[in-house]
Amino acid sequence: MRMSKLFFQTLREVPADAEIVSHQLMLRAGLMRQLAAGLFDFMPSGMRIKRKIEQIFREEMDAIGGQEILMPVVNSADVWKESGRWYEIGDDMARFHDRGDRDMCLAMTHEEVITDLVRQVISSYRQLPLVLYHIQTKFRDEPRPRAGMIRVREFTMKDAYSFDRDFAGLDEFYPKAYQAYFNIFRRCGIEPVAVEADVGMMGGTMAHEFMALTPVGEDTLLICDACNYHANRQVATFRKPEVDSGAPLSLEKVATPGVNTIEALAEFLQIPAAQTAKAIFMVAEVEDSQAADGSVKTRDQFVFAVVRGDMELNETKMTNALKARRLRPATVDEIRAIGAEPGYGSPIDVDRSQIVLMVDDLIPGSPNLVAGANEIDAHYKNVNYGRDYEADLVLDLVAAAEGHACPQCEAPLRAVRGVEVGNIFKLGTKYSKALGATYLDENGESHPIVMGSYGIGSGRLIASVIEHHNDENGIKWPISIAPYHVMLVSLATPKTPDVTAAAEQMYADLQAAGLEVLYDDRDERAGVKFNDADLLGIPLRLTVGGRGLKNGVVEMKVRRTGESSEIPLDQLVAGVQAAADAEWAFINSRLKEETLA
RNA sequence: CGGGGCGUAGCGCAGCUCGGUAGCGCGCUUCGUUCGGGACGAAGAGGUCGGAGGUUCAAAUCCUCUCGCCCCGACCA
């Protein structure tokens with residue numbers, strides 16, 4: 001491609017709206033532009049990167065038996081009503097009516113549609129197992145798009161679906177997908193961390209998220225360096241500390257004027273926060289009854305949770321325990337309505353008729369805690385579970401944090417941030433049952449198909465690669481997904497027709513050899529071209545100028561390493577080819593076998 | 001949805017406090033000189049100051065409403 005013809009513009013200055021490096025560099029390098037919050041245009045260079053990534057998706061999916069299909073972005077609501085998600089999902093789903101006033105939506109994902117497709121075609125165990133995938137636009141009306149391409153509303157996603165006759169089949173395929181995902185990310189230059197994850201709105205029995213570690217990530221992971229345990233904070237567990245099981249002392253009310261936080265309480269009574277009980281008031285939206293049209297009525301359930309004062313509630317754990325749709329903090333009025341007092345909440349003496357009382361499993365073994373007294377400016381000392389109150393539910397309710405003991409080996413956990421670049425789910429039969437996707441086995445018995453789902457977002461992956469591969473001058477693309485392999489910088493001026501001729505010849509020769517060349521034939525100064533080359537991050541840069549030409553050489557610089565060398569003109573193609581091969585080898589050397597964590 | 005910030009030329013910004021009809025740098029166009037890490041000179045083009053209402057002789061500037069974008073939080077397959 002001749003740069004003089006390329007539709008692009010590099011920016012010298014950082015656009016004010018771009019906060020994170022990948023966003024800034026994607027704009028500055030002319031890969032994309034923003035249309036509106038969470039909506040982006042891809043420009044030619046960005047499009048080439050996207051296509052290369054998606055080609056890797058195809059190769060790795062095909063390698064594990066995947067067959068590419070394509071399903072529509074616009075869905076009729078019917079299948080979503082069948083699965084129930086039409087009613088479960090909130091404003092994240094964009095809904096509209098077609099001209100016939102039928103309910104329609106934009107696909108956020110494609111479990112329903114593919115299950116519908118498969119139920120039409122699959123009827124026998126002989127047709128299983130089956131793996132289908134597609135690369136398609138999805139739309140999720142995120143409440144808050146952010147961080148450039150990391151969290152957007154419209155995005156392209158590769159999602160694959162597996163269909164097996166039983167869970168054993170799924171269990172056999174799942175590790176293959178796991179391996180394929182490592183291959184994909186490594187081929188893109190990212191070393192992911194696979195973590196156990198919450199299944200969220202997808203449902204199912206097991207899930208892994210593939211995380212690219214970066215401080216700009218929006219997820220927190222807990223990692224054990226000793227035994228390699230790692231999990232998303234949403235599901236991470238830890239070994240709860242042992243506590244001295246001192247003899248219960250008698251309950252005692254103490255005056256604590258103005259002390260309405262754990263911090264202040266610990267300070268006021270000169271005790272560690274671990275000696276206190278934290279009361280948390282939430283309201284959960286839970287399913288109540290199902291209406292005739294399949295829609296589900298929900299009701300608000302007041303939840304009173306007690307965790308030790310030095311720990312944080314994990315809302316995902318609470319949500320899952322309650323099978324709640326969503327969770328919100330209770331209002332002051334709601335709290336007072338059950339006889340509790342914000343800032344001074346106590347599980348003793350509250351109206352239990354309308355509430356669910358949950359306590360973290362550390363609480364029953366922690367004697368003599370300080371809790372609120374359900375009145376302003378007062379706390380109880382020596383609150384003891386079992387003697388003073390009992391809960392409806394006792395379970396792990398708290399969030400693992402940096403320094404907590406690994407659940408497997410008790411070494412201290414480390415907390416890191418990451419971007420979720422992909423995920424895999426064992427869906428099981430949630431969708432096949434709901435939509436009636438069944439097959440007949442050898443005995444003529446009907447069974448629901450067992451499904452798995454495997455997704456990767458293209459744009460988010462591109463941004464994550466940039467987060468990892470950049471320097472103060474710009475992007476450093478791995479050759480596997482670089483928009484071009486070679487940047488041919490011509491330093492020709494009107495007075496040096498020989499340089500122009502040489503550059504033109506090289507451009508032709510390199511392309512003939514199968515290399516993807518971006519030829520900077522623009523009438524710009526050397527500095528501008530070099531800076532743009534660094535910004536664009538093409539792996540190999542060739543510089544053609546009078547100086548080198550006089551000596552019969554071309555300068556080559558490797559963007560990744562910064563190393564430069566000279567290639568004799570008569571060995572140009574072979575020399576560049578060798579350098580490109582070395583870049584490929586660098587990427588491919590990262591591939592290795594993984595076993596499912 | 002709560003909190004904060006910002007909308008003035010393609011990009012980055014000043015002007016607003018104290019109303020008087022818009023400016024700087026980069027980029028862009030033309031000509032000349034220059035030419036191996038973001039050149040120089042000269043001459044230009046480009047903005048209903050996010051939008052609507054209001055106050056005023058006069059509004060980028062003051063008031064009201066509204067739309068959009070960014071950040072923190074909530075949320076997040």
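In what follows, every chain begins at residue 1, and chains take the letters A, B, ... in the order their sequences are listed.
- Rounded to whole angstrom, the span from the CG atom of A:Asp91 across to the C1' atom of B:C1 amounts to 11 Å.
- Within the 4.0 angstrom heavy-atom criterion, base atoms lie near A:Pro143.
- Between A:Asp534 and A:Lys476 there is no salt bridge, since no side-chain nitrogen of the basic residue lies less than 4.0 Å from a carboxylate oxygen of the acidic one.
- Considering only residues two or more places apart in sequence or on other chains, A:Tyr507 meets the ring-ring contact (aromatic ring centres under 6.0 Å, His included) condition with A:Tyr519.
- Look at A:Asp41 and A:Arg33 and you find no salt bridge, because none of the NZ, NE, NH1 or NH2 atoms lies under 4.0 Å from a carboxylate O.
- Qualifying ring-ring contact (aromatic ring centres under 6.0 Å, His included) partners for A:Phe163, counting only residues two or more places apart in sequence or in other chains: none.
- The salt bridge (Lys or Arg N to Asp or Glu O under 4.0 Å) contacts involving residues 5-20 of chain A comprise nothing, where partners must be two or more places apart or lie in separate chains.
- For A:Asn531, the side-chain atoms get nearest to B:G38 when compared with the rest of B:C75, B:U34, B:G38.
- Checked by atom type, the side-chain pair A:Ser453/A:Glu111 shows a donor-acceptor distance below 3.5 Å.
- Distance A:Phe530 CZ to B:A39 C1': 15 Å, rounded to the nearest Å.
- If you take CD of A:Glu218 and P of B:C70, they are 14 Å apart, rounded to a whole angstrom.
- Residue A:Phe155 is classed as a base contact, given a heavy-atom separation below 4.0 Å to a base.
- Across the protein-nucleic acid pair, A:Asp41 atom CG and B:G10 atom C1' stand 15 Å apart, rounded to whole Å.
- You'll find the ring centres of A:Tyr174 and A:His208 inside the 6.0 Å limit.
- Set against B:G12, B:A39, B:G37, the side chain of A:Ala16 has B:G12 as its closest nucleotide.
- Of the candidate nucleotides B:G25, B:C28, B:A74, B:G25 has the atom lying nearest to any side-chain atom of A:Glu13.
- With a cut-off of 3.5 Å on both pairing distances, the Watson-Crick or G-U wobble partner of B:C69 is B:G5.
- Donor-acceptor pairing under 3.5 Å, judged by distance alone, is absent between the side chain of A:Arg28 and the base of B:G12.
- Atom name C1', nucleotides B:U29 and B:A52: the rounded distance is 36 Å, in whole Å.
- Residue A:Arg12 places at least one side-chain N or O closer than 4.0 Å to OP1 or OP2 of B:G27.
- With the nearest nucleotide of RNA chain B identified for both A:Arg146 and A:Ile20, A:Ile20 has the one nearer the 5' end.
- B:G38: no Watson-Crick or G-U partner with both key distances under 3.5 Å is found in any strand.
- Applying the side chain to side chain donor-acceptor pair (under 3.5 Å) test to A:Asp520 and every residue at least two apart in sequence or in another chain returns A:Arg522.
- Nucleotides B:C49 and B:A60, compared at atom P, are 6 Å apart to the nearest Å.
- A close approach under 4.0 Å does not occur between any side-chain nitrogen or oxygen of A:Lys529 and OP1 or OP2 of B:C35.
- For A:Gln9, no side-chain nitrogen or oxygen approaches OP1 or OP2 of B:C28 to under 4.0 Å.
- Taking atom CG of residue A:Asp521 and atom C1' of nucleotide B:C35, one finds them 16 Å apart after rounding to whole Å.
- Which of B:C35, B:C70, B:G36 sits closest to the side chain of A:Arg547 comes down to B:G36.
- Comparing B:U34 with B:G15, their P atoms sit 42 Å apart, to the nearest whole Å.
- Comparing B:C70, B:G36, B:C35 by their closest approach to the side chain of A:Ala37 singles out B:C70.
- For A:Leu11, the side-chain atoms get nearest to B:C11 when compared with the rest of B:C69, B:C35, B:C11.
- Residues forming a salt bridge (Lys or Arg N to Asp or Glu O under 4.0 Å) with A:Lys557 (at least two apart in sequence, or on another chain): none.
- For A:Asp141, the salt bridge (Lys or Arg N to Asp or Glu O under 4.0 Å) partners are A:Arg153, not counting sequence neighbours.
- Non-hydrogen atoms lying under 4.0 Å from RNA chain B are contributed by A:Glu555, A:Lys557, all within residues 552-569 of chain A.
- Residue contacts for A:Ala18: at a heavy-atom cut-off of 4.0 Å it reaches no nucleic acid atom on any strand shown.
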Just the atom pairs and distances: protein N or O near nucleotides 2-6 of chain B's N or O, under 3.5 Å.
none

Each nucleotide of nucleotides 40-46 of chain B classed B (base within 4.0 Å of a protein heavy atom), S (only sugar-phosphate) or -, in 5' to 3' order, makes -------
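- Nucleic acid contact class of A:Val489 (heavy atoms, under 4.0 Å, all strands): none.
- Rounded to whole Å, atom P of B:G73 lies 12 Å from atom CD of A:Glu19.
- Looking at residues two or more places apart in sequence or on another chain, you find no salt bridge (Lys or Arg N to Asp or Glu O under 4.0 Å) involving A:Arg525.
- Projected onto RNA chain B by closest heavy-atom contact, A:Arg153 and A:Gly457 fall at different nucleotides, the more 5' of which corresponds to A:Arg153.
- With sequence neighbours excluded, the residues that form a side-chain contact (heavy atoms from CB on, under 4.5 Å) with A:Ala415 are A:Thr220, A:Leu222, A:Glu402.
- Taking the C1' atom of each, B:C40 and B:C35 are spaced 12 Å apart, rounded to whole Å.
- Taking the side-chain contact (heavy atoms from CB on, under 4.5 Å) definition, one finds that A:Ser565 meets it with A:Met556, sequence neighbours left out.
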